[in-house]
A.B. asks: 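Sharing a structure below in structure tokens format, with a few things to ask.
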Amino acid sequence: MIKLVYVIVRRADMSAAAFRDYWLTRHGPLVAAQAQALKLRKYVQSHPFDDPASEAMRAVRGMRGPADGLTEVWWDSLEDFQSVYGTPEGAEAGRILAEDEAKFIDFEKSAVFLTQEHLIFDHTGGKGPGPEAVKATYLLTRRDDLTQARCHETWLNDHGPLVASFAGPLSMAKYVQSHAIAPDVNAGIQAGRNYEPPLDGITEVWVNSLEEMGAGGDAARDGAAALVEDERRFVQMDKSRLFLTREHVIFDHTR
């Protein structure tokens with residue numbers, strides 16, 4: 001499967017509360033109604049929330065502020081994604097969603113790109129995190145002196161196992177890396193609405209609750225410091241973002 005990632009910044013004339021309500025209660029059902037025409041397999045919204053932990057994680061890294069939200073949409077294959085908009089049904093569904101997105105999204109400050117997921121670990125037994133779970137959402141731009149291939153290699157082969165080694169002290173339930181793919185396709189998506197340039201990927205780390213997140217003591221602090229130091233090998237911190245979110249699964253037709 002492939003996953004489209006949509007880093008959303010809301011329109012300047014819309015409050016954060018109005019944006020979240022419209023996105024969840026109006027746009028979410030509209031996407032669900034177009035799922036068959038667009039061959040969508042799964043659709044998740046991740047809504048940021050205010051917490052001192054978010055600011056603390058950004059401050060130690062020198063990162064950008066949070067986006068207003070993150071959409072993730074799954075297709076069975078890149079071929080499905082590329083072909084579906086060429087059908088009359090797909091083209092009409094795409095038009096409907098694009099018109100609605102213009103009501104609440106600032107396209108020029110948002111970014112859209114295709115990715116491939118890499119599951120590093122899942123300590124939930126495949127059941128997924130619990131109802132109180134929070135997700136650290138890390139929007140990653142590679143260091144200026146690295147190729148994307150080198151960034152992805154370091155991230156997956158070096159950093160992934162390092163994160164896994166600290167999963168216990170840091171109370172991590174699940175960890176997924178999503179690496180940007182299909183650069184020519186992503187460039188076309190960007191040009192279509194003058195989006196920001198596509199990122200190099202995203203990291204998502206689930207913790208079962210905020211209480212667990214802060215309960216690791218010295219071992220957790222040491223682990224977090226080690227991870228930040230390692231991230232500097234491949235992440236351009238001042239171009240990346242990190243914030244806490246809660247997921248809303250609008251539909252999942254993969255189960």
Side-chain angles (χ1 to χ4, degrees), residues 1-12 14 19 23 27 31 38 43-48 54 57-58 61-75 77-78 81-82 84-85 94 97-118 135-156 159-160 176-205 228 231-243 245:
M1 300 187 78
I2 65 161
K3 180 174 76 177
L4 180 143
V5 173
Y6 200 148
V7 180
I8 297 177
V9 174
R10 72 181 188 273
R11 283 177 37 159
M14 201 171 207
F19 161 80
W23 181 28
H27 189 70
V31 176
L38 292 173
Y43 171 47
V44 174
Q45 297 179 2
S46 294
H47 292 224
S54 278
M57 289 188 296
R58 288 192 296 275
R61 293 170 168 87
M63 303 180 95
R64 298 175 67 186
D68 290 298
L70 187 79
T71 282
E72 296 166 283
V73 186
W74 285 254
W75 279 264
S77 66
L78 180 59
F81 172 81
Q82 291 179 296
V84 71
Y85 290 98
L97 295 184
E99 284 187 0
D100 195 61
E101 288 167 6
K103 297 176 181 178
F104 65 102
I105 297 175
D106 185 334
F107 295 137
E108 294 187 0
K109 294 182 180 179
S110 302
V112 180
F113 50 98
L114 297 174
T115 70
Q116 185 75 55
E117 287 190 326
H118 299 268
K135 181 175 73 175
T137 302
Y138 196 133
L139 310 182
L140 190 153
T141 296
R142 70 182 185 273
R143 269 178 36 173
D144 294 335
D145 59 344
L146 292 182
T147 65
Q148 188 175 83
R150 181 59 177 163
C151 168
H152 287 172
E153 180 183 3
T154 303
W155 183 17
L156 182 63
H159 191 69
V176 173
Q177 298 179 4
S178 297
H179 294 201
I181 60 170
D184 291 343
V185 179
N186 286 338
I189 295 171
Q190 179 194 0
R193 297 189 193 170
N194 200 27
Y195 289 119
E196 283 199 347
L199 307 184
D200 295 291
I202 69 170
T203 281
E204 296 167 291
V205 179
V228 172
E231 289 164 15
R232 298 188 191 282
R233 298 170 56 209
F234 61 98
V235 179
Q236 189 69 35
M237 295 293 192
D238 60 352
K239 295 181 180 179
S240 300
R241 304 178 189 260
L242 176 58
F243 46 95
T245 65

A.B. asks: Which residues pass the side chain to side chain donor-acceptor pair (under 3.5 Å) test with Ser110, not counting sequence neighbours?
C.D. replies: none
A.B. asks: Taking salt bridge (Lys or Arg N to Asp or Glu O under 4.0 Å) as the test, write out the residues that go with Lys239, two or more places apart.
C.D. replies: Asp144
A.B. asks: Determine whether a donor-acceptor pair (N or O, by modelled atom type, separation under 3.5 Å) exists between the side chain of Thr141 and the backbone of Leu199.
C.D. replies: no
A.B. asks: Kindly write out the residues that satisfy side chain to side chain contact (heavy atoms under 4.5 Å, CB included) with Arg61, not counting sequence neighbours, or none if the list is empty.
C.D. replies: Met57, Met63, Tyr138, Val228, Glu231, Met237, Leu242
A.B. asks: Which residues pass the salt bridge (Lys or Arg N to Asp or Glu O under 4.0 Å) test with Asp184, sequence neighbours left out?
C.D. replies: none
A.B. asks: Taking Lys3's backbone N and O only, do any of them form a donor-acceptor pair with Thr115's side chain (distance below 3.5 Å, no angle check)?
C.D. replies: yes
A.B. asks: Only counting residues at least two apart or in another chain, list the ones meeting side chain to side chain contact (heavy atoms under 4.5 Å, CB included) with Arg233.
C.D. replies: Thr154, Asp158, Asp230
A.B. asks: Please identify each residue that fulfils side chain to side chain contact (heavy atoms under 4.5 Å, CB included) with Ile181, with sequence neighbours left out.
C.D. replies: Ile2, Leu114, Gln116
A.B. asks: Taking only residues two or more places apart in sequence or in another chain, which ones pass ring pair (Phe, Tyr, Trp, His ring centres under 6.0 Å) with Trp75?
C.D. replies: Phe81
A.B. asks: Got a sec, which residues hit ring pair (Phe, Tyr, Trp, His ring centres under 6.0 Å) with Tyr195, two or more places apart in sequence or on another chain?
C.D. replies: Tyr6, Phe107
A.B. asks: For the rings on Trp155 and His118, is their centre-to-centre separation under 6.0 Å?
C.D. replies: no
A.B. asks: List the residues meeting ring pair (Phe, Tyr, Trp, His ring centres under 6.0 Å) with His159, not counting sequence neighbours, and say none if there are none.
C.D. replies: Phe234
A.B. asks: Before you tell me yes or no, could you show the steps for Phe113 and Val185 under side chain to side chain contact (heavy atoms under 4.5 Å, CB included), namely the whole-Å CA-CA distance, both residues' side-chain angles and the distance that decides it to 0.1 Å?
C.D. replies: CA-CA 8 Å; Phe113 50 98; Val185 179; over 6 Å; no
A.B. asks: Using the test salt bridge (Lys or Arg N to Asp or Glu O under 4.0 Å), find all partners of Glu99 that sit at least two apart in sequence or belong to another chain.
C.D. replies: Arg95
A.B. asks: Show your reasoning for whether side chain to side chain donor-acceptor pair (under 3.5 Å) applies to Ser46 and Thr137.
C.D. replies: CA-CA 9 Å; Ser46 294; Thr137 302; 5.1 Å; no
A.B. asks: Using the test salt bridge (Lys or Arg N to Asp or Glu O under 4.0 Å), find all partners of Arg241 that sit at least two apart in sequence or belong to another chain.
C.D. replies: none
A.B. asks: Under the rule for side chain to side chain contact (heavy atoms under 4.5 Å, CB included), what residues qualify as partners of Gln148, not counting sequence neighbours?
C.D. replies: Arg142, His152, Ala180, Asp200
